[in-house]
Engineer: 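Starting off with a structure, shown below.
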Protein chains: 2
Amino acid sequence: MVAANKGRPHQRLRTRKDLLQAAARLMRQGGKPSLEDVAADAMVSRATAYRYFPDIGALLAEASLDVDVPDAETLFAGETTQDPVVRLEIVDQALHQAVVEHEPQMRRMLAHAVTRSLDIPPGDAIPPRQNRRLPLIDAALAPARAQFGPAALRRLEYALALIVGTEGVIVAKDVLRINDAEARRVKRWAIRALVEAARKPNR
Amino acid sequence: MVAANKGRPHQRLRTRKDLLQAAARLMRQGGKPSLEDVAADAMVSRATAYRYFPDIGALLAEASLDVDVPDAETLFAGETTQDPVVRLEIVDQALHQAVVEHEPQMRRMLAHAVTRSLDIPPGDAIPPRQNRRLPLIDAALAPARAQFGPAALRRLEYALALIVGTEGVIVAKDVLRINDAEARRVKRWAIRALVEAARKPNR
DNA sequence: ATTGACATGAGACAAATGCCTCATTAGAAT
DNA sequence: ATTCTAATGAGGCATTTGTCTCATGTCAAT
């Protein structure tokens, strides 16, 4: 593995970027490129690719990762509503769309994230999974925070996180086998139900 | 691949079982056995292993699959309650426990299920993912079916399926990074909220 | 008991994976 | 401009993966 934070940052960033872009490009075209393909497309030697990524799976997963999910600020830029349900539906819409638009990458990413803890030596620290979901949920609820108690808010955010992320879309597709429209409908209903339940004084 | 339903069913089932058992045994011991290891342990030639499973991933995933989740009948055997919330919590408890008890296998299984649609030739049929969740949810709601309209029932079942399965446990662990107790608490709250929302006349 | 279809074992093969070393190159600091 | 070090390229190596062929063994039906 190449050094992390000294020496030649530019060069390192460039080759890293080239590798990820090549991987993304090849995946967009067709199935599962080999590390050799990626390295060749990035005009980088195979050894160098292994210096940046522990294995081909990690490379592909990370290349799948730069699906740009809008952040909270841009998502709520022109939005004036205070209604948490409306704002949550905006979040769900954005995430849902990102998933269906980049479904193969999202699936690969999820698979990698889910098994990462297995392939590292036991007793070693598990790198935290990157998380775009909670900040968005939090931002959606921000204007209405006063409506909930602190514990209820936390509980609500966690429950919502079970519904709005990648996994929800995948479950709807693979387990429930329903189409996008119905999946969206189910989630919207659930979101509203949870928010309203959290609004109640207690329990 | 070996024939599916003619010839010598006994022999086929035996070797298939031997392979799966060997894979399960080796996985229980340590990390990720190679197909060669599995074949050797099953006292079967490598070629034969490939005749039963398309690749090592499928073998390991299927070997992880025989985690016995109780079916609806045994789960509700001594149960007299009609309350759907209580019954749903029983289901959630059972599934949650099955996941945490066999976490590595469940993760492998999920990863395989999630990416299976990617590695098959495009345009080909996607084999349905096996589903233990909906029947259990359905059984939990069965005594209370009259309380819901048909559309509301469907919607409720789908929403619940987003919360109670494997994915929910994984999200709680990896994304929310909360412990089992809190995960259970969040899910119980969400389940109750959804059921009660579905009870209301409409919307 | 014999036959015929079916399952298996043995081994060859190309490709991919991950790891390694050593020489060369390119960037950063002086 | 020179120097030193970090990054790279080239290639080798052992292992694994997945596919194929052909000979052999074995089950089941007659």
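So that the names make sense, note that chain A is the first sequence line, chain B the second, and so on, each numbered from 1. Since we're looking at a predicted model, the values are computed, not measured.
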Engineer: side-chain contact (heavy atoms from CB on, under 4.5 Å) for Tyr158(A) and Lys187(B)? Distances and angles first, verdict last.
Structural biologist: CA-CA 9 Å; Tyr158(A) 287 169; Lys187(B) 290 199 291 177; over 6 Å; no

Engineer: Return the value, rounded to whole Å, for the distance between atom NZ of Lys32(A) and atom P of dT17(C).
Structural biologist: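 It works out to 7 Å between those atoms.
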
Engineer: Nearest whole Å is fine: how far is dA14(D) C1' from Tyr50(A) OH?
Structural biologist: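 So the OH-C1' distance, Tyr50(A) to dA14(D), works out to 13 Å.
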
Engineer: I'd like to know if Arg133(B) and Glu167(B) make a salt bridge, using a cut-off of under 4.0 Å between side-chain N and carboxylate O.
Structural biologist: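 Looking at Glu167(B) together with Arg133(B), the answer is yes, because their closest N to O distance falls below 4.0 Å.
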
Engineer: Would you call Lys173(B) and Glu103(B) a salt bridge, using N to O less than 4.0 angstrom?
Structural biologist: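 A salt bridge is present here (some side-chain N lies under 4.0 Å from a carboxylate O).
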
Engineer: May I have the distance from Leu13(A) (atom CG) to dT8(D) (atom P), rounded to whole angstrom?
Structural biologist: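 Between P of dT8(D) and CG of Leu13(A): 11 Å.
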
Engineer: Please determine, for the side chain of Ser34(B), which listed nucleotide (dG18(C), dT8(D), dT17(D)) has the closest atom?
Structural biologist: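 Of the candidates, dT17(D) comes closest.
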
Engineer: Contact list please: residues 36-47 of chain A against DNA chain C, heavy atoms, distance less than 4.0 Å, in numerical order.
Structural biologist: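 Those residues whose heavy atoms fall under 4.0 Å from DNA chain C, taken from residues 36-47 of chain A in numerical order, are Arg46(A), Ala47(A).
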
Engineer: Can you see if the side chain of Thr15(B) gets near the phosphate of dA7(C) - specifically, an N or O under 4.0 Å from OP1 or OP2?
Structural biologist: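 For dA7(C), OP1/OP2 do not have a side-chain N/O of Thr15(B) under 4.0 Å.
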
Engineer: Determine the sole option in Asn131(B), Val164(B), Leu95(B), Leu141(B) for which the side-chain contact (heavy atoms from CB on, under 4.5 Å) test with Leu136(B) is passed.
Structural biologist: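 With Leu136(B) as partner, side-chain contact (heavy atoms from CB on, under 4.5 Å) holds for just one option, Leu95(B).
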
Engineer: Between atom CG in Leu19(A) and atom C1' in dT8(D), what is the gap in whole Å?
Structural biologist: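 Spelled out: CG on Leu19(A) to C1' on dT8(D) is 12 Å.
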
Engineer: Rounded to whole angstroms, how far apart are CG on Leu35(A) and C1' on dT16(D)?
Structural biologist: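 In whole Å, dT16(D) C1' lies 15 Å from Leu35(A) CG.
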
Engineer: How close or far is atom P of dT16(D) from atom CD1 of Ile56(B), stated in whole angstroms?
Structural biologist: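 Atom-to-atom, Ile56(B) to dT16(D), this comes out as 11 Å.
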
Engineer: Going 5' to 3' through nucleotides 22-30 of chain D, assign each nucleotide B (protein heavy atom under 4.0 Å from a base atom), S (under 4.0 Å only from sugar-phosphate atoms) or - (no protein heavy atom that close).
Structural biologist: ---BBSS--

Engineer: Is Arg46(A) salt-bridged to Asp37(A), going by a charged N under 4.0 Å from an acidic O?
Structural biologist: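 Answer for the salt bridge query: no.
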
Engineer: Using 4.0 Å as the upper bound for N to carboxylate O, is an ion pair formed by Arg87(B) and Asp92(B)?
Structural biologist: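 No, no charged N to carboxylate O under 4.0 Å.
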
Engineer: So, OP1 or OP2 of dT8(C): does either fall under 4.0 Å of a side-chain N or O from Tyr52(B)?
Structural biologist: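 Answer is yes, contact under 4.0 Å.
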
Engineer: Thr48(B) has a side chain; which of dG18(D), dT8(D), dG9(C) sits nearest to it?
Structural biologist: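 Of the options given, the side chain of Thr48(B) lies nearest dG9(C).
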
Engineer: Who passes side chain to side chain donor-acceptor pair (under 3.5 Å) against Asp18(B), sequence neighbours left out?
Structural biologist: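 Expected list: none.
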
Engineer: Figure out the CZ/P separation between Arg16(A) and dT8(D), and round it to whole Å.
Structural biologist: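 To the nearest whole Å, that distance equals 12 Å.
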
Engineer: Can you tell me how far P of dA7(C) sits from NZ of Lys17(B), to the nearest Å?
Structural biologist: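 Those two atoms, NZ and P, are 17 Å apart.
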
Engineer: Does this structure show an ion pair linking Arg177(A) with Glu182(A), if we count only N-O contacts that are shorter than 4.0 Å?
Structural biologist: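 No salt bridge links Arg177(A) with Glu182(A).
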
Engineer: What verdict does the salt bridge (charged side-chain N to carboxylate O under 4.0 Å, His left out) test give for Glu62(A) and Arg108(A), after you've listed the backbone C-alpha separation in whole Å, the side-chain angles of each residue and the deciding distance to 0.1 Å?
Structural biologist: CA-CA 9 Å; Glu62(A) 194 149 344; Arg108(A) 257 183 246 285; over 6 Å; no

